[in-house]
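Quick notes on the structure that follows.
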Amino acid sequence: MTTARSLTNAVAVVTGAGSGIGAAVVTLLAQAGATVVLIGRNIEKLQQVNDTLATPGLCIAGDVGDSNFCNRAITQTQDTYGKLDLLINNAGAMHRASAADTTDAAWQQIMRTNVDGVFYMSRAGVAAMRNKDNKGGAIVNTASTCGLVGAAGIAAYCASKGAVVQLTRAMALECAADKITVNAVCPGAIEAPMLFSAHAEDTDMAQVRERNIQAIPLKQIANADEVARAIVYLASEPHITGSMLSIDGGYTAG
């Protein structure tokens, strides 16, 4: 019988760590005994989260859509802590428009963050996990229910999260021999900044929240901690790989 992967003294990289789900994951991993490397665009936000930890980690600001930055971040992690055990690909961006109304620039920006970022970080992360003395580790990606079912008005986002789902499956198969598990969480509506981002200026956010609540069978929006707990679970279970764990109150059950 396999036992849970110990997070004590594990080294974990978390992208999109400055707020929302990413910040919640950082907190839970640190509480479990892991050393955390926080990655995001805003160094001040990263440092604010880092300052709340009993044992602060390392903050690295940059763009995960830049493969050179991803390579440097993983190398800096190895140089600082000697290894990499966990990679949480949580950085993400939202664009609200139909396919017909999505510009080239908007499409490219969503793909750069949501797909390129996951790929570049994972490619560098797998190399680091394979090269350490005790091979193995875990990658957990933040996908979305929008990667499993369609949603009108956010075409680029749906396409990007669908790509994350398929990349997760492919890499789970490719990395199995190295005891590296690759999974994804698929949140629905979450009480986090992205739910309220990229709307038109006159949008009533109370209506946004209520509209999402009515679409969820449990009639409740999840919070970032609920998603973070699922991520930590997947990071700690060595016999789960290639799985998409929905945290959506039953939204995708129908």
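Along the sequence shown, the residues carry numbers beginning at 1.
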Residues Arg41, Val64; criterion side chain to side chain contact (heavy atoms under 4.5 Å, CB included); working and verdict: CA-CA 9 Å; Arg41 291 180 181 272; Val64 295; over 6 Å; no
Is there a side-chain contact between [X] and [Y] (heavy atoms, below 4.5 Å)?
X	Y	value
Phe69	Ile60	yes
Val11	Thr77	yes
Val126	Ile180	yes

Backbone of Leu46 reached by a side-chain donor or acceptor of Asn50 within 3.5 Å: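 Flag not set: sc Asn50 to bb Leu46 has no pair under 3.5 Å.
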Sidechain-backbone polar pair: Lys179 side chain, Ala176 backbone, donor-acceptor under 3.5 Å: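 It does not hold such a pair.
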Atom [atom1] of [X] and atom [atom2] of [Y]: how far apart are they, to the nearest 0.5 Å?
X	Y	atom1	atom2	result
Leu218	Asp248	CG	CG	8.5 Å
Met121	Ile39	CE	CD1	4.0 Å
Ser67	Arg123	OG	CZ	6.0 Å

NZ/NE/NH1/NH2 to OD/OE distance under 4.0 Å, Asp85 and Arg5: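 A salt bridge is absent here (no side-chain N lies under 4.0 Å from a carboxylate O).
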Between Gln48 and Glu44: side-chain donor-acceptor atoms closer than 3.5 Å: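 There is no such pair (donor and acceptor under 3.5 Å, judged by atom type) between the side chains of Gln48 and Glu44.
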Partners meeting side chain to side chain donor-acceptor pair (under 3.5 Å) with Gln108 (sequence neighbours left out):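 Side chain to side chain donor-acceptor pair (under 3.5 Å) check on Gln108 returns nothing, list empty.
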Worked check of salt bridge (Lys or Arg N to Asp or Glu O under 4.0 Å) between Asp63 and Arg112: CA-CA 9 Å; Asp63 176 11; Arg112 178 181 176 90; 2.7 Å; yes
same_hphob_cluster(Leu29, Val49) at 4.5 Å side-chain heavy-atom cutoff: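 Result: yes, single cluster for both.
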Sole candidate of Leu86, Leu87, Asp178 that passes side-chain contact (heavy atoms from CB on, under 4.5 Å) when paired with Met129: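 Of Leu86, Leu87, Asp178, side-chain contact (heavy atoms from CB on, under 4.5 Å) with Met129 is met by Leu87 alone.
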Whether over 12 other heavy atoms sit under 6.0 Å from Tyr233 OH: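 No - once you tally the heavy atoms of other residues, nucleotides and ligands closer than 6.0 Å, there are 12 at most.
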